[in-house]
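Notes follow once the structure below has been shown.
Note that the structure is a prediction, hence the values are computed from the model and not measured. Each ligand, and each atom within it, is numbered from 1 in the order the structure gives.
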Amino acid sequence: MSSVSKRYSDIHSRIEAALHRAGRPPGSVGVIGVTKYVTKERAKEAVEAGITHLGENRPDGLLEKEEALASSVVWHYIGQLQSRKVKEVAGVMDMLHALDRHSLAKELEKRLPDGDTLDCFVQVNVSGEASKSGLAPEEVEDFIRSLGSYEKLRIRGLMTMAPAVQNPEDARPFFRELRKIRDDVKSLNLSHAPCTELSMGMSNDFEVAVEEGAAWVRLGSSLVGPT
Ligand SMILES: *Cc1c(COP(=O)(O)O)cnc(C)c1O
């Protein structure tokens, strides 16, 4: 397993090249190092390599690594979040990429510290695969409108996972579709939902996601390992 900093520099170049191809400004994508497969030591190596945004998909993983690492890390919760687990992570995560139902919004509103606002991405199941969570595209607008009553939630954007495809090019229509839904929601000008950003792109498809407008890519295996 090569060092995280070497991988990070390769990935950084590939992201910048994709931004250039798409006519987007340099440096306009945030990299979230997904540490769910690796030890806290390896996560520490990622932070030392300059990766300040880390992502976890289980409450236990988030809590374990948050305790072990510097407080300068910005923590992204990227997985399914059970309502009964919200109280464990509410004050720890900085952004949530998997807001997909009212019961979760309600529990977050109840458990977030008073005065806090949580930046959320609404997860959309663009491909419609039964194995994936998230709202159907046609449900997104009504769902986001209805979140206006939750004072502690701010809808920063939309998140999706593309299907696992051999050729990353085949993921493009799903990213493009998410961008279109984002444009529609953004044009509503809702004060609780600026909805400007897209969280999309993983190890095998991030360059295509960047070309299609990703603000955040979530990289596990290609960046921190294990492979
Ligand atoms: C695991 C995971 C990732 C990272 O996957 P890689 O293919 O290893 O980069 C990204 N997003 C979510 C939601 C994940 O669960």
Side-chain angles (χ1 to χ4, degrees), residues 1-2 4 6-15 18 29-40 42-43 45-47 49 51-66 73-82 85 89 93-101 104 118-135 156-172 174-175 178 182 197-227:
M1 184 159 67
S2 66
V4 180
K6 180 170 180 312
R7 289 168 177 232
Y8 188 35
S9 115
D10 289 347
I11 284 174
H12 181 75
S13 310
R14 290 167 63 187
I15 289 174
V29 172
V31 171
I32 300 168
V34 175
T35 51
K36 67 186 185 190
Y37 308 114
V38 301
T39 61
K40 48 183 191 283
R42 183 72 172 177
E45 199 188 319
V47 176
I51 302 166
T52 51
H53 291 263
L54 297 183
E56 281 284 331
N57 71 340
R58 286 175 35 251
D60 291 352
L62 177 66
L63 297 172
E64 189 212 16
K65 298 223 177 54
E66 194 264 345
V73 174
V74 179
W75 286 105
H76 297 254
Y77 193 90
I78 61 170
Q80 264 281 327
L81 182 54
Q82 294 175 358
K85 295 283 188 179
V89 296
M93 61 184 168
D94 298 294
M95 292 188 218
L96 170 66
H97 292 248
L99 183 58
D100 60 356
R101 61 195 192 277
L104 179 56
L118 181 67
D119 277 358
C120 300
F121 293 81
V122 169
Q123 185 169 353
V124 186
N125 184 357
V126 179
S127 66
E129 291 166 286
S131 61
K132 291 206 159 61
S133 44
L135 288 114
R156 182 162 174 150
L158 304 179
M159 178 274 210
T160 200
M161 292 171 80
V165 289
Q166 281 293 326
N167 180 355
E169 202 48 49
D170 295 337
R172 190 180 298 276
F174 302 97
F175 297 143
L178 192 71
R182 188 274 315 267
E197 297 182 354
L198 297 170
S199 167
M200 59 187 195
M202 303 175 23
S203 288
N204 62 338
D205 57 18
F206 70 91
E207 288 157 297
V208 175
V210 168
E211 288 172 9
E212 293 300 328
W216 297 96
V217 292
R218 310 177 308 267
L219 304 178
S221 47
S222 64
L223 180 59
V224 291
T227 52

What pairs with T52 under side chain to side chain contact (heavy atoms under 4.5 Å, CB included), at least two apart in sequence or on another chain?
none
Scan residues 162-171 for pairs that pass salt bridge (charged side-chain N to carboxylate O under 4.0 Å, His left out), counting only residues two or more places apart or in two chains.
E169-R172
K6 vs D10, salt bridge (Lys or Arg N to Asp or Glu O under 4.0 Å): CA-CA, chis, key distance, verdict:
CA-CA 6 Å; K6 180 170 180 312; D10 289 347; 3.4 Å; yes
Distances for all N or O pairs of ligand 1 and the protein under 3.5 Å?
from, atom 1, to, atom 2, distance (Å)
ligand 1, 8 (O), Y37, OH, 3.4
ligand 1, 8 (O), S221, N, 2.8
ligand 1, 8 (O), S221, OG, 2.9
ligand 1, 9 (O), S203, N, 3.0
ligand 1, 9 (O), S203, OG, 2.6
ligand 1, 9 (O), G220, N, 2.8
ligand 1, 11 (N), R218, NE, 2.9
ligand 1, 15 (O), K36, NZ, 2.7

Who pairs with S199 by side chain to side chain donor-acceptor pair (under 3.5 Å), at least two apart in sequence or on another chain?
H97, R218
Specify the closest pair of heavy atoms between L104 and A98, including all atoms of both residues, with the distance to one decimal.
CD2-O, 3.7 Å
Report yes or no: do T35 and E56 form a side-chain donor-acceptor pair below 3.5 Å?
yes
